[in-house]
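Below is one structure; the comments refer to it alone.
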Protein chains: 2
Amino acid sequence: MPSRDSSRRRRTSTDKEGAGHRSRDALRAAQMYYLQDLTMDAIARELRTSRSTVSRLLSLARQTGLVQISVNNPTERAPVLEQQIRRRFGVEAHVVPVADSVSDSEALERVAIQAARTISPLMDSNAIIGVAWGSTLSAVSHHLTRKDIHDSTIVQLNGAGNTQTTGITYASEILRRFGQAYGARVEQFPVPAFFDHAETKRAMWNERSVRRILDLQHRMTVAVFGVGSIDAGIPSHVYSGGYLDDEDLAQLAEDEVVGDVATMFFREDGSHRDILLNQRSTGPDLDRLREVRRRICVVSGETKINGLRGALAAGLATDLILDEASARRLVQLAADEQPGAPARLAGTSRADR
Amino acid sequence: MPSRDSSRRRRTSTDKEGAGHRSRDALRAAQMYYLQDLTMDAIARELRTSRSTVSRLLSLARQTGLVQISVNNPTERAPVLEQQIRRRFGVEAHVVPVADSVSDSEALERVAIQAARTISPLMDSNAIIGVAWGSTLSAVSHHLTRKDIHDSTIVQLNGAGNTQTTGITYASEILRRFGQAYGARVEQFPVPAFFDHAETKRAMWNERSVRRILDLQHRMTVAVFGVGSIDAGIPSHVYSGGYLDDEDLAQLAEDEVVGDVATMFFREDGSHRDILLNQRSTGPDLDRLREVRRRICVVSGETKINGLRGALAAGLATDLILDEASARRLVQLAADEQPGAPARLAGTSRADR
DNA sequence: CCCCTTTCTGCACGTTTGTGCAATCTGGTT
DNA sequence: AACCAGATTGCACAAACGTGCAGAAAGGGG
């Protein structure tokens, strides 16, 4: 190995160009590491820098989407659970492997990481991406990786007066992260989650500022949301965050509501007609939502199962990302209801481990 | 957390299904490692196995193409060299970063690894893939990663009587590896590289067994090849492997040949008319080759530059994978010839490091 | 020109990962 | 039943990797 210390500390002075030599080095390093299988140490020597810098360059390359790692789900022999869900509910399922023993919060975290990586490839240029808020989406938003697409817009799906800061990140924070990851404009929806009076909502819905958002929502090409479930052990913060008072909750019970998507409520069979609270909610009309091309639902935790079943019955999602335990439970319940179908369940829940 | 240790050592007895639980575990492990960022140790605990097994599962997952890692070359601000080559020669260039200080053989190895990974995404179902042989292709063949495509065929581009085992892997070995990686049928071309008499070739070309191969070559959708260069420092073994005698070499010189692709020769300007040896060579007609949709040329080493320039002049390739030094040299030479163009060369060769 | 703030770098350390080897397990055969 | 060949496992060790920290460089005002 020849001399190596001559041209060194200059480097940045030659640096002028926009993205800089940093990302160029990151590309080089990524190629050498992921395509040529060199060690970071070897790369460091070629790049005349330290191994730790290479480590950081690679980390940058992953972060900025220069490197894309995809785990291929060979569709034919896909895991049994995903096939079953697809068949029964007509949604593309992405089951996140999580052992039953991990805590709920860790499971959420892991579903969120995998969700963030699963949705990236679904995002395209010129998209209008509707994003809800809630603990699930918040977690997802933290793990998005950058993807360079152009002229896209992130639009908030439902209002969220952050009057009651419950500690979760604000809706605006979630949106900001999405916007940053995809280099997209962000359009907030500056209304409270619920109006007190349906008339106020009607009035607001005629305001130009609001109509602009509604129009964007109308032209959405992708929607990303979680679900709330009325009986969730850790109740969706819609139900516990002070948005609804006792009277509202009683009304929901009377209307047989099982859950919500973006603060729009529905029943176990998926119906949402005559649910009073929806008249005061700022979420998107569910019939309209169903027309969005790609509707991605992220769910973690068996406690949300009832809300999820309602959402599936309503046909709100085209893609479903959920943890393994919930997936199993979902299939199980469906089989119990409809025993005509091949009842290979006990076998199933073992086979896919 | 419920009981957990009941069903365990059974595992393989319940195992019957084709691919088995091994690849299923590999998929799970891959998801957890690459999509959820768990450590192998954590995965091992969830899978109830040892960390080393997880390491091996992941290695399997990468090997079998379950995990796909791609390094995204953001086309707009692509490395300068690749743009320049694209503009001047009309081929899609993939420049492999290799420091000038590494040995030729190591450079070849690294170009080969990256080439193998670069061509995988280009392979599709129902393809007919023509493959040449030589030290470059041999190196590439060692690093192919599996990709599940269906009903494809690998066809040998030119004959190679392995009468003279020079130590490099036989053509058949190269083909076998390609076939295995892509799950494709392999069609060998059982003729010597060169006939002694052109008439023998004509006769053979009417044999049914040969015609079948020629027909496949005619329907090729992808071709993969290196280049030979007459004056290569480490001469392509076509020129030194005993295939050609002194008289042949003299004839090549007289015909002003600079190099070959799949044992078909051409001149610096890309022409190949009236090159006598081509009448006795078993390689594909170059005019025909040019009609193949995707023609991938892999080159490592500046010594091949003359052959490469001829091949490019002949328009034999649509995609070019080459090491950085050669790429620089290529652009340099082109600029010298045609000084009208923006002569930003000194700057260039520095800027892209 | 100097000073302050921000960013970047290499080192050192602890963690994480790959792999040769011996022990074990599996399925098939005598 | 006993045996054997091949595959698979966990262990132990070495190699490779990530990151907090302190110092150095770069950029931005005054």
Side-chain angles (χ1 to χ4, degrees), chain A residues 1 4-64 66-67 69 71 110 113 143 145 353, chain B residues 5 7-64 66-67 69 71 106 110 113 143 145 353:
Chain A
M1 14 231 68
R4 58 169 67 178
D5 51 320
S6 48
S7 72
R8 159 74 161 302
R9 78 173 16 86
R10 184 107 316 92
R11 258 261 284 272
T12 44
S13 77
T14 194
D15 165 33
K16 199 119 201 189
E17 48 244 308
H21 70 134
R22 194 76 200 273
S23 74
R24 222 185 314 249
D25 278 355
L27 177 60
R28 280 178 76 88
Q31 293 184 147
M32 295 197 253
Y33 190 77
Y34 288 108
L35 300 182
Q36 301 178 17
D37 286 347
L38 297 192
T39 71
M40 295 186 181
D41 203 53
I43 297 171
R45 282 195 298 272
E46 296 208 1
L47 252 45
R48 295 211 166 72
T49 181
S50 73
R51 193 183 51 69
S52 19
T53 298
V54 174
S55 172
R56 287 187 264 253
L57 283 175
L58 289 174
S59 157
L60 180 79
R62 284 187 300 261
Q63 209 57 39
T64 57
L66 256 180
V67 173
I69 300 184
V71 174
R110 284 169 53 180
I113 300 183
H143 298 288
T145 52
R353 79 158 327 277
Chain B
D5 50 322
S7 69
R8 156 73 161 308
R9 83 169 15 83
R10 185 108 316 94
R11 260 254 285 272
T12 45
S13 78
T14 193
D15 166 32
K16 200 119 201 189
E17 49 244 307
H21 69 131
R22 195 79 201 275
S23 74
R24 225 189 306 255
D25 278 355
L27 177 60
R28 281 177 76 87
Q31 291 180 256
M32 295 197 254
Y33 191 78
Y34 288 108
L35 300 182
Q36 301 178 17
D37 285 347
L38 298 191
T39 72
M40 295 186 182
D41 202 53
I43 297 171
R45 281 195 298 272
E46 295 208 2
L47 253 46
R48 296 208 166 74
T49 182
S50 74
R51 195 185 51 68
S52 19
T53 297
V54 174
S55 172
R56 287 186 263 252
L57 282 175
L58 289 174
S59 159
L60 178 80
R62 285 186 298 261
Q63 209 56 39
T64 56
L66 255 180
V67 173
I69 301 183
V71 174
E106 195 191 337
R110 283 169 54 179
I113 300 183
H143 298 287
T145 53
R353 78 157 325 276

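Here is how names work: the chains are called A, B, and so on, in the same order as the sequence lines, proteins then strands, and each is numbered from 1.
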In this structure, how many angstroms lie between the [atom2] atom of [N] and the [atom1] atom of [X], rounded?
X	N	atom1	atom2	value
B:Arg51	D:dC13	CZ	P	14 Å
A:Leu57	D:dC17	CG	C1'	14 Å
B:Asp41	C:dG14	CG	P	18 Å
B:Met40	C:dT19	CE	C1'	12 Å
B:Arg48	D:dG10	CZ	C1'	17 Å
B:Asp25	D:dT9	CG	C1'	13 Å
B:Leu58	C:dT17	CG	P	9 Å
A:Leu60	C:dC8	CG	C1'	13 Å

Please determine whether a side-chain nitrogen or oxygen atom of [X] lies at a distance below 4.0 Å from atom OP1 or OP2 of [N].
X	N	answer
A:Tyr33	D:dC17	yes
B:Thr49	D:dT9	no
A:Ser52	C:dT9	no

Problem set entry | Side-chain donor/acceptor of B:Thr39 to backbone N/O of B:Ala42, under 3.5 Å | yes

Exercise. A:Thr39 near the nucleic acid: base, sugar-phosphate alone, or nothing, with a heavy-atom cut-off under 4.0 Å?
Worked result: sugar-phosphate

For this session: For A:Thr53, report the nucleic acid contact type (base, sugar-phosphate, nothing); a contact means any heavy atom under 4.0 Å.
Result: sugar-phosphate

Seminar exercise, completed: Note: for A:Leu38 and A:Arg56 on DNA chain D, the residue whose nearest nucleotide lies more 5' is A:Leu38

Problem set entry | A:Leu58 vs A:Tyr34, side-chain contact (heavy atoms from CB on, under 4.5 Å): CA-CA, chis, key distance, verdict | CA-CA 9 Å; A:Leu58 289 174; A:Tyr34 288 108; 4.3 Å; yes

Seminar exercise, completed: Rounded to the nearest 0.5 angstrom, the OG1-CD1 distance for A:Thr145 and A:Ile113 is 11.5 Å

Exercise. Could you give the distance from CG (A:Leu38) to CZ (A:Arg45), rounded to the nearest 0.5 Å?
Worked result: 9.5 Å

For this session: Could you go through the side-chain contact (heavy atoms from CB on, under 4.5 Å) check for A:Leu47 and A:Met32 one step at a time?
Result: CA-CA 11 Å; A:Leu47 252 45; A:Met32 295 197 253; 3.4 Å; yes

